[in-house]
Amino acid sequence: MPDPEGAAPNSGVDVSEAQIAVHWKEEEHLPPPAKFVSQANVADGSIRSRFTLDRFPDCFREYAELLSWERRWHTTLDTERAPFYRWFVGGRLNASFNCLDRHLPHHAAKPAFLWVPEPEAEPVLAVTYRELYERVNEFAALLRDRAGVRAGDRVTVHLPMVPELPVTMLACARLGAIHSVVFGGFSGEACGVRIADSGSRVLVTIDGYYRGGKLLDHKANADLAVAAAAREGQRVDHVLVWRRRPEERSTSAPWVEGRDLDVVTELPRFRGAEVPPVPMESEAPLFLMYTSGTTGRPKGCQHGTGGYLAYAVGTSRIYQDLHPEDVYWCLADIGWITGHTYIVYGPLALATTSVLYEGLPTFPDPARIWRIAERLGVTILHTSPTTIRLLRKADPEGPRRFDLRFKHLTTVGEPIEPDVWRWYFEVVGGGRAAVVDTWWQTETGGVLCSTIPGVDPMKPGSAGPGALGVHPVILDDHGAEVPPGTGRAGNLCIRNPWPGIFQTIWGDPERFVATYFRRFNRDPTSRDWQDWPYFAGDGATESSDGYFRILGRVDDVINVAGHRLGTKEIESACLTVREVAEAAVVPVHDELRGRRPEIYISLKPGASDPGQVASAVARAVEEQIGKIARPSAVRVVADMPKTRSGKIMRRVLGAISNSLDVGDITTLANPEAVAAIQALVRPAGSSPPRPSRTDGDAADPGDR
Ligand code: PRX
C-alpha cells in the first residue's frame, strides 16, 4: 500500500505509478567488489570534488575533451534563452567522425560490433571499425545521391537490431542529417505519426527480420507508415529498404516503383565512396527520439550534437566503465534512448566492442543470453529489470551453468526490486561484478542518478546519488524541498542543466517549457539556470545517504518493461473501435514487466458482444501502437466512476486494478458504479485478484 505521503501527486493526474509503488525497507550498503575497483576507470572518490555545484558548468569540459572537435568551443554553457540551453557554443564537430574516423589509426581491425543473428545456425558477424567506416561512407553517399539527404533534413529509421541500424544512424550524422529512429516493434501506424511530426521525406527500413523464430515481414509496416504519414499531410519520397538476407527479398509487400529503393542492389555503385563528415555546430540537432507524454501526441525529443555526445562519452566511461579491451553487451534496443547513448554513441566514441543481438533474449530457450555471453566473453552486461525478472523466472540457476565473466552489470529503465537486484548480483555476477542502477530518461540523454561503480557502495533498489555534476532535489507539490532521510516522497527534479539535456520538443518549444520547466520555475523571465529546475515526472525518495529511490511516473505515462507509453495514446486507440463509448487506461502492477496498461471501456447503446469488442480493442491498441502496449486486460463496464462534472475517476479504477483501497468515493456522481466494477474485477472469494489476461505469454521485453 502506498504511504499517503509517499504518493507524489501531480496536477490533473488521478492515478500514477508512484502511487502504486510498493515501499521497500531501507537496504544495506554493499561495497563494490575489490577486483572490479582495481581495474575501474574511476576508483577515487575525489572525482566528485571536480564536479561540485561551484564548478558548474566548466566541470563538464572534462567530458567534452574526450571528443575530437573540428573547432573548439568558446563558451561552455549559454543560458541566454533559458531553459533552452546551448552547450559548448562555438565548437564544431561531427558525431560520425568521433565514432569512426578517429579510431582508424589504432583500432581499424578491432570489432565495433559482434552481431548475433537470432537463428543460432547463422554465424556471428564481426564488423570492424574499418568495415563500419566503409559501410557508413557508402550508405551516406547513397542517402545523399539517391535520396537527396542534406544537413538538417530529418530521416526516419524503422529498423530492428541489425548492423544496418547503426550504419544508417552514423551515415545520417556524417551528412549532418537528423535521424529519428522509431523502435522496430512499433506498428507502421505509430511510425507514420512520427514521420509526419518530424517532417521526414525519407524512411529507411528493412524487408524482414527474425524474432521469436519467425521471419517477420517488416516492409509491410513501411507501407502502412507512409500511408499514415500521408493522412497527416507528410509525403515520403523515398523508402530505402535494406535486406535481411542479401540473396533474396524477405517480404511479400508490393514494391512501389520510384519510391522504394532496394539498398543492396544500389550500394555497389557507391563501393569505396568517401563522404567527408560535415562539421556541425555543437548545438546542431543530432537526432530526434520520440517518447510518450501526457497528451496523445508523442514528443520528438531533440538532442544536440556537442552536448549530447560529450555526455554520452563521459558517462559511458564513468558509469559503464568501458575499456578498449572490454566486450560490452547492452541488451536494449537501439530504437530506445538507451541504445542510442549506450550502444551507439558512447561505446563507439570510446572504440569499444559491443555485442548486437537481433532477437528475443529467450529464443530458442532461456539460456540463449548466457550462451552468447560465454561464447563471446562478455565482460559488461546492461539490461532492464523486466529482462532480469524474465530470465530469473525462466531458469533461476541458469547463469551458474556457464562460465560467465561479468565484471560489471547495469540495470536501467524501471525500479528494480531488491530481491531481483540480488539475483542479478549474486547469480548473474557471481558476487564479483559491480552493479549500477542507472536512472535517466529519453529527455536526459544519459545517466542522471547512479553510483560510480568503482567508488560508491551499492544499495539494492536505489539508483544512487546524482551523477557527476548533476544535482537532484526532491520537491513537494508546492516547490518546497523535501529534506533527505525523511522517507517522504516527492517530485524528482534536477537543479541544474547538464550537457545531455534535450534541446526542445521538435516543433513545440512551448510544450517543452510547459512540461519540464514551468512547474517549479520561479521567474519566467529569468536567464539564470538556478530558477529553472528540471521536472522529471518521476516520484522518488532521497535517503540520508543521498541515494535516490525511484517510485515511478507521477503523470499519465505508464512504464511497461522499461518503455514509456502514454495513457492518452492508448485511450485514443481504444476509441477507434466503433462500439466503444468511453475508455480509461490505468497502470497495473505486473510481476514481470513492472507495469502494464489495463483498459476499462464502456460501450455505446446497442453494441453487440462485449467479448468481441474487448478483443477488437486489444487488437486496435496493438495495431496503432505496437504489441508492447498490449493490455493486461480489457474490462467492459456498464458505467465508469465519474465526478459530478463528468470526469472519469481513473484513480478509482487504478486502485481497483491494483487491489488498493479506493479511498473516498462519496463525492462521485455515481458511487454505486464502484461496487459493480469491483465485483467484475474481483469476483467474490478471489483474493488477491487475478485479472483475466488477454494473453498468456511470458513478458517479451521488446514485444513485436
Ligand atoms: O520512470 C523512470 C523510468 O523510466 C522513465 C524514463 O523512460 P525512458 O525515457 O523510456 O528512458 C528509459 C531508459 C533511460 C523514467 O522517467 N526509469 C528509468 N530508469 C530507471 C527508472 N525507474 C527506476 N529506476 C531506474 N533506474
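Counting starts at 1 for both ligands and their atoms, following the listed order. Worth knowing before you read on, the calculation uses all heavy atoms, side chains too, and leaves out hydrogens, waters and symmetry mates.
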Side chain, backbone, both or neither: which part of Thr438 has a heavy atom under 4.0 Å from ligand 1? backbone
Identify whether the distance between the nearest side-chain nitrogen and carboxylate oxygen of Arg48 and Asp456 falls below 4.0 Å. yes
What is the ring orientation for Phe60 with Trp87, classed by angle as parallel under 30°, tilted 30 to 60°, or perpendicular over 60°? perpendicular
Look at atom 13 (C) of ligand 1 and say which protein heavy atom is nearest, naming residue and atom and giving the distance to 0.1 Å. Thr338 OG1, 3.4 Å
Pair up each side-chain donor or acceptor in residues 342-349 with any protein partner under 3.5 Å, not counting sequence neighbours, and list the distances.
| unit_1 | atom_1 | unit_2 | atom_2 | d |
| --- | --- | --- | --- | --- |
| Tyr342 | OH | Thr315 | OG1 | 2.6 |
| Tyr342 | OH | Val447 | N | 3.1 |
| Tyr345 | OH | His179 | NE2 | 2.8 |

N or O contact, Asp538 vs ligand 1, cut-off under 3.5 Å: yes
With a 3.5 Å cut-off and no angle check, do the side chains of Ser632 and Glu598 form a donor-acceptor pair? yes
Nearest neighbour of atom 9 (O) of ligand 1 from the list Thr442, Ile337, Val436, on a heavy-atom basis: Thr442
Shortest protein heavy-atom distance from atom 24 (N) of ligand 1, along with the residue and atom involved: Glu414 O, 3.2 Å
So is His563 close enough to ligand 1, meaning a heavy atom under 4.0 angstrom away? no
So is there a nitrogen or oxygen of Gly552 less than 3.5 Å from a nitrogen or oxygen in ligand 1? no
Tell me the closest heavy-atom pair linking Pro166 and Leu356, and the distance in Å. CG-CD2, 4.3 Å
With only distance considered, is Asp437 within less than 3.5 Å of ligand 1 through an N or O on each side? yes
Pair Arg593 + Glu414, salt bridge at N-O below 4.0 Å: no
Where's the contact between Pro415 and ligand 1, heavy-atom distance under 4.0 Å: side chain, backbone, both or neither? both
Sequence neighbours excluded, every pair satisfying salt bridge (charged side-chain N to carboxylate O under 4.0 Å, His left out) that has a member inside residues 489-511: Glu481-Arg495, Glu510-Arg518
Quick one: does Trp336 get within less than 4.0 Å of ligand 1, heavy atoms only? no
Go through ligand 1 atom by atom and flag the ones less than 4.0 Å from a non-hydrogen atom of Trp440. 6 (C), 14 (C), 15 (C), 18 (C), 19 (N)
For atom 12 (C) of ligand 1, what is the closest protein heavy atom, and at what distance to 0.1 Å? Gly562 O, 4.2 Å
When you measure from atom 7 (O) of ligand 1 to each heavy atom in Glu17, Arg564, Glu443, Arg549, which option holds the nearest one? Arg564
Do Glu27 and Arg549 meet the salt-bridge criterion of a basic N to acidic O distance under 4.0 Å? no
Gly413: heavy atom below 4.0 Å from ligand 1, yes or no? yes
For this output row, return yes or no: ring centroids of Phe51 and Tyr63 closer than 6.0 angstrom. yes
Kindly confirm or rule out an N or O of Thr411 lying under 3.5 angstrom from an N or O of ligand 1. no
Only one of Phe512, Trp529, Trp498 forms a ring pair (Phe, Tyr, Trp, His ring centres under 6.0 Å) with Tyr534, so which one is it? Trp498
Distance-only N or O hit between ligand 1 and Asn559, under 3.5 Å: yes
